[in-house]
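Please read the structure below before turning to the comments.
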Amino acid sequence: MQDKREERTLTAMEERLRKEGFKADFKVTDGRLTMMDNGGATPKTWEPADVRIVDFYRFEGESNPDDMSILYAIESVDGTKGTISNSYGPMADSDVDAFLVEVESFGKNLDKKVK
């Protein structure tokens with residue numbers, strides 16, 4: 001069993017998500033989610049309507065409250081899974097925040113069925 005304290009770091013959570021298939025690293029460029037490394041090929045990109053937030057995790061710096069970050073597990077309509085992180089609070093990247101707010105707005109109208 002993995003130590004709960006160990007999972008509280010951004011790096012440990014990224015590693016856990018990679019093991020679960022979230023292998024791509026994403027960034028936001030020109031309002032689109034972009035895969036950072038596509039093996040030299042043209043980078044794949046997606047509109048907010050083409051991705052969903054599977055889960056997210058917040059982290060706080062142990063010595064500095066300004067070291068807050070949030071990690072998102074993302075899946076695209078074509079099955080690409082990966083992560084994107086952002087600072088949380090005043091240090092946040094506004095482009096990443098704006099993109100993820102759009103993604104969340106598409107999810108609000110989904111018919112969620114209980115399994």
Side-chain angles (χ1 to χ4, degrees):
M1 184 172 185
Q2 189 170 10
D3 183 0
K4 290 270 189 202
R5 186 169 179 82
E6 187 178 315
E7 279 192 9
R8 291 185 192 160
T9 68
L10 178 66
T11 317
M13 186 55 68
E14 284 177 322
E15 183 59 31
R16 183 177 132 200
L17 288 168
R18 283 196 192 291
K19 288 177 183 174
E20 293 177 10
F22 293 86
K23 296 182 179 184
D25 291 315
F26 296 126
K27 65 180 179 178
V28 174
T29 306
D30 297 326
R32 296 177 64 89
L33 188 70
T34 305
M35 189 178 346
M36 291 173 62
D37 181 13
N38 196 20
T42 303
K44 287 184 178 182
T45 65
W46 299 269
E47 295 285 334
D50 297 331
V51 299
R52 71 182 183 100
I53 299 169
V54 176
D55 212 340
F56 65 93
Y57 310 88
R58 289 187 180 141
F59 303 92
E60 290 186 25
E62 289 185 29
S63 61
N64 185 351
D66 289 338
D67 290 341
M68 296 185 297
S69 62
I70 188 162
L71 177 68
Y72 295 90
I74 304 283
E75 183 173 14
S76 72
V77 292
D78 68 6
T80 303
K81 295 166 127 184
T83 60
I84 188 168
S85 61
N86 197 10
S87 294
Y88 189 72
M91 301 300 291
D93 180 325
S94 59
D95 292 337
V96 172
D97 278 349
F99 182 86
L100 294 170
V101 164
E102 277 193 70
V103 171
E104 289 174 344
S105 72
F106 285 109
K108 289 179 183 172
N109 297 324
L110 295 177
D111 180 23
K112 297 180 182 176
K113 298 181 181 180
V114 178
K115 293 182 180 182

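The first residue in the sequence is number 1, and the count goes up from there.
- Contact detail for T34 and P43: the closest heavy-atom pair is CG2-CB, 3.8 Å.
- Between K81 and L17, every side-chain heavy-atom pair lies at or beyond the 4.5 Å cut-off.
- Smallest separation of non-hydrogen atoms from P48 and G31: CD-O, 4.1 Å.
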Item to complete: Output, in order, the C-alpha distance, side-chain angles, deciding distance and verdict of side chain to side chain contact (heavy atoms under 4.5 Å, CB included) for T9 and F59.
Response: CA-CA 7 Å; T9 68; F59 303 92; 5.6 Å; no
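- Every side-chain hydrogen bond (donor to acceptor under 3.5 Å, both in side chains) that D25 has, sequence neighbours left out, goes to R18.
- No more than 12 heavy atoms of other residues, nucleotides or ligands sit less than 6.0 Å from atom CG of D30.
- In this structure, CG in L71 is found 10.5 Å from CG in N86, a value given to the nearest 0.5 Å.
- We find the CG-CD distance between D97 and E102 to be 12.0 Å, quoted to the nearest 0.5 Å.
- Annotation: the span from M36 atom CE to T29 atom OG1 amounts to 9.0 Å, rounded to 0.5 Å.
- Considering all non-hydrogen atoms of both residues, T80 and A24 come closest at CG2-CB, 4.1 Å.
- Listed by chain and residue number, R16 satisfy the salt bridge (charged side-chain N to carboxylate O under 4.0 Å, His left out) test with E20 (two or more places apart in sequence, or in another chain).
- Few gaps surround OH on Y57; more than 12 heavy atoms of other groups in view lie less than 6.0 Å from it.
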Practice prompt. Take V103 and Y72 through the test side chain to side chain contact (heavy atoms under 4.5 Å, CB included) and record every step on the way to the result.
Written response: CA-CA 12 Å; V103 171; Y72 295 90; over 6 Å; no
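- Shown here for L33 and I84, the closest heavy-atom pair between the two residues is CD1-CD1, 4.1 Å.
- A73 approaches T83 most closely through the heavy-atom pair CA-CG2, 4.5 Å.
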Worksheet entry | side chain to side chain contact (heavy atoms under 4.5 Å, CB included) between I53 and I74, intermediate numbers included | CA-CA 5 Å; I53 299 169; I74 304 283; 3.9 Å; yes
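- Residue V77 is not grouped with residue M35 when hydrophobic side chains (ILVMFWY) are merged at heavy-atom distances under 4.5 angstrom, including chains of intermediate members.
- Look at K27 and D95 and you find no salt bridge, because none of the NZ, NE, NH1 or NH2 atoms lies under 4.0 Å from a carboxylate O.
- Residue pairs meeting the salt bridge (Lys or Arg N to Asp or Glu O under 4.0 Å) criterion with at least one member in residues 46-55, sequence neighbours excluded, are R32-E47, R52-E75.
- When all heavy atoms of W46 and F26 are compared, the closest pair comes out as CZ3-CE2, 3.5 Å.
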